[in-house]
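See below for the structure under consideration.
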Amino acid sequence: MSELSVNHLLGIKYLTEQDIDLIFETADHFKEVINRAIKKVPTLRDITIANIFFEDSTRTKLSFELAEKRLSADVINFSAGQSSVKKGETLIDTVNNILSMKVDMVVMRHPNPGAGIFLSRHVKAAIINAGDGAHEHPTQALLDSFSIRERLGGVAGKKVVIVGDILHSRVALSNIFALKLQGADVKVCGPRTLLPKHIESLGVGVETNLRKALEWCDVANMLRIQNERMEFSYFPTTREYSQQYGINKNLLESLDKEIVIMHPGPINRGVEITSDVADSNQSIILDQVENGVAIRMAVIYLLASKIK
Ligand code: CP
């Protein structure tokens, strides 16, 4: 297969296993490119991309911009906080105004679940979801699986536990879809209050004891508490959360095997992960960030080749 089955990247749930294979093969090539002395290819000189962010971001925003520039696309950046959205302009009007400047593709982060899907039905451009509320963050899940494949040689058959605030996490949902599609064995672990009621229906196991989850897994993906999406408290204190669901060096070294530690960022050091774990050889957190550029180059390149 040489092209994606989709015209937009709205969520992992719309992809096939073959789509993921194609994205990874393409990202392998781009990873080699961005490690050369000349890190740029002229592939998308005729494409213009708008990055529109209605929520804060460091990794996703910068790596999309870098991926676009490495592909030689023209790039414009839009932050809602400094735009006419503050004067009442709607999402569709905002995007249609941007598109009238001859923009081909929109990368959007938005606090509302489904915002990318809504946009794809109302505007004429390829849409990439860079995170929509607590719904999906597809490029994060792709770079996470790509990083597991790189460290462990594959994803199929690997035991992956996602730890922490599953309830409010778009990273968790996209990772569950991506890992299951590739044949991984997936568990979620956290306090009951932060696990969605019917999470087992997605084909994942549930574990509330962190030690047991770590003893079981090959990979632990540690998530941040999403305080910005919480209306009230889901656990007594941060200290107690950290004691029960935070990973530290003592816990890691007490396991009878070496597991891989991941985190999508931003990290809250000392809450879900201590510095000695985040910065250890078992951590692939910065590999995930590096792979984000290659994965986003692959996604942009494959979607752009469908609109040419
Ligand atoms: N992982 C992630 O989405 O990080 P940012 O919010 O910094 O983009």
Side-chain angles (χ1 to χ4, degrees), residues 9-13 23 27 49-70 75 77-82 106-116 127-148 150-151 160 162-179 188 190 194 219-230 247 260-269 271-273 277-279 283-300:
L9 180 60
L10 302 173
I12 299 289
K13 69 170 165 285
I23 292 168
I49 304 175
N51 300 314
I52 64 173
F53 278 68
F54 292 82
E55 251 188 18
D56 295 341
S57 168
T58 299
R59 281 146 291 272
T60 311
K61 192 173 181 187
L62 291 179
S63 72
F64 264 114
E65 186 173 345
L66 203 52
E68 291 150 5
K69 289 179 172 168
R70 299 275 194 246
V75 180
N77 290 307
F78 165 95
S79 293
Q82 290 132 32
V106 173
V107 175
M108 182 171 76
R109 171 167 288 191
H110 200 282
N112 295 347
I127 309 295
I128 300 179
N129 176 9
D132 58 335
H135 181 222
E136 280 226 40
H137 192 350
T139 55
Q140 180 69 46
L142 289 168
L143 73 89
D144 288 344
S145 285
F146 186 79
S147 302
I148 294 172
E150 186 175 70
R151 176 60 77 106
V160 182
I162 307 170
V163 182
D165 182 3
I166 313 298
L167 187 65
H168 301 99
S169 173
R170 54 193 173 211
V171 174
L173 190 60
S174 286
N175 260 277
I176 290 169
F177 287 140
L179 292 165
V188 292
L194 290 176
V219 179
N221 195 350
M222 307 302 296
L223 303 183
R224 180 177 65 87
I225 297 295
Q226 313 264 309
N227 287 313
E228 70 276 23
R229 295 192 222 292
M230 293 184 185
I247 191 162
V260 176
I261 302 296
M262 303 177 71
H263 195 305
I267 292 174
N268 282 321
R269 288 175 185 263
V271 180
E272 69 274 7
I273 190 167
V277 175
D279 303 330
S283 159
I284 58 167
I285 294 172
L286 293 180
D287 300 325
Q288 291 172 257
V289 179
E290 180 186 345
N291 288 334
V293 178
I295 282 289
R296 288 172 176 125
M297 286 174 81
V299 167
I300 292 164

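Remember, it's 1-based here, ligands and their atoms both numbered in the order they're listed.
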Could you tell me if [Y] and [X] have a donor-acceptor pair between their side chains, going purely by distance under 3.5 Å?
X	Y	answer
E136	N129	no
H263	R224	no
N291	E150	yes

- Message: Can a donor-acceptor pair be found, under 3.5 Å and without considering hydrogens, that links the side chain of S79 to the backbone of G81?
- Response: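 No, S79 side chain to G81 backbone: no donor-acceptor pair under 3.5 Å.
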- Could you please spell out the steps behind the side-chain contact (heavy atoms from CB on, under 4.5 Å) verdict for T60 and H137? CA-CA 10 Å; T60 311; H137 192 350; 3.4 Å; yes
- Kindly tell me which protein residues have any non-hydrogen atom under 4.0 angstrom away from an atom of ligand 1, grouped by chain and ordered by number?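 Heavy-atom contacts below 4.0 Å: S57, T58, R59, T60, R109, H137, Q140, P264, G265.
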- Message: Test of understanding: with ring pair (Phe, Tyr, Trp, His ring centres under 6.0 Å), list the residues that count as partners of F53, not counting sequence neighbours.
- Response: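 None.
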